[in-house]
Amino acid sequence: MHTTPTTPEVRVPRLVGLMAMDAREAAKSRGLSLIAPDRPDSSLVVVDYVVRQYPQPGTPVPRDSTVAIWFDFGEGEGGGGVREPRIPRPPSGGRPRALDEPGDPYPLVSSA
């Protein structure tokens, strides 16, 4: 069982890249609490990944401080962008193409 150290100051752990449940455990083990401004239901979040934190990892803070974490990039702050090519679709309209009738396209010619 991991116990919380009793020193008055702790260093903020690196939470970016961790799943929400792992980030909560890492913060709790150092006597810190988490807040997620972009997710009011952050205590229920389990598998979303932390993409940003404040204060930065390694910053000394008083025990019982709150660390802000974000699960989504803010407007214009990055993200994956478009993940597949966007090929222009052909223009709509025009006549539909008529397909040939089913059957053998090369009829057998007898030489008899």
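All values below were derived from every heavy atom in this structure, side-chain atoms included, with hydrogens, water molecules and symmetry-related copies excluded. If you read the sequence from its start, that first residue is 1, and numbering goes on from there.
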Closest approach of Pro60 to Arg11 (non-hydrogen atoms, all atoms of both residues): CD-NH1, 3.7 Å
Student check: side-chain heavy atoms of Val16 and Val51 closer than 4.5 Å: no
Residue pair Val61, Val67: steps toward the side chain to side chain contact (heavy atoms under 4.5 Å, CB included) verdict: CA-CA 10 Å; Val61 295; Val67 176; 5.7 Å; no
Nearest heavy atoms of Val50 and Ala23, plus distance in Å: CG2-CB, 3.9 Å
Pair Asp48-Arg39, side chain to side chain contact (heavy atoms under 4.5 Å, CB included): steps then yes or no: CA-CA 11 Å; Asp48 287 357; Arg39 296 292 294 272; 2.5 Å; yes
CD1-OH distance between Ile69 and Tyr54, expressed to the nearest 0.5 angstrom: 15.5 Å
Sub-4.5 Å side-chain heavy-atom contact between Pro13 and Arg30: yes
Min side-chain heavy-atom separation Val12-Gln53 under 4.5 Å: yes
From CZ (Arg24) to OG (Ser29), nearest 0.5 Å: 13.5 Å
Interatomic spacing from CG in Leu15 to CG in Asp22 - rounded to 0.5 Å: 10.0 Å
Residue pair Thr66 / Ser33: nearest heavy atoms and the distance that separates them: OG1-OG, 3.1 Å
Side chain to side chain contact (heavy atoms under 4.5 Å, CB included) assessment of Val47 paired with Met21: CA-CA 7 Å; Val47 295; Met21 61 186 210; 5.7 Å; no
Side-chain heavy atoms of Leu32 within contact of Val10, under 4.5 Å: yes
Side chain proximity check, Val45 to Phe71, heavy atoms < 4.5 angstrom: yes
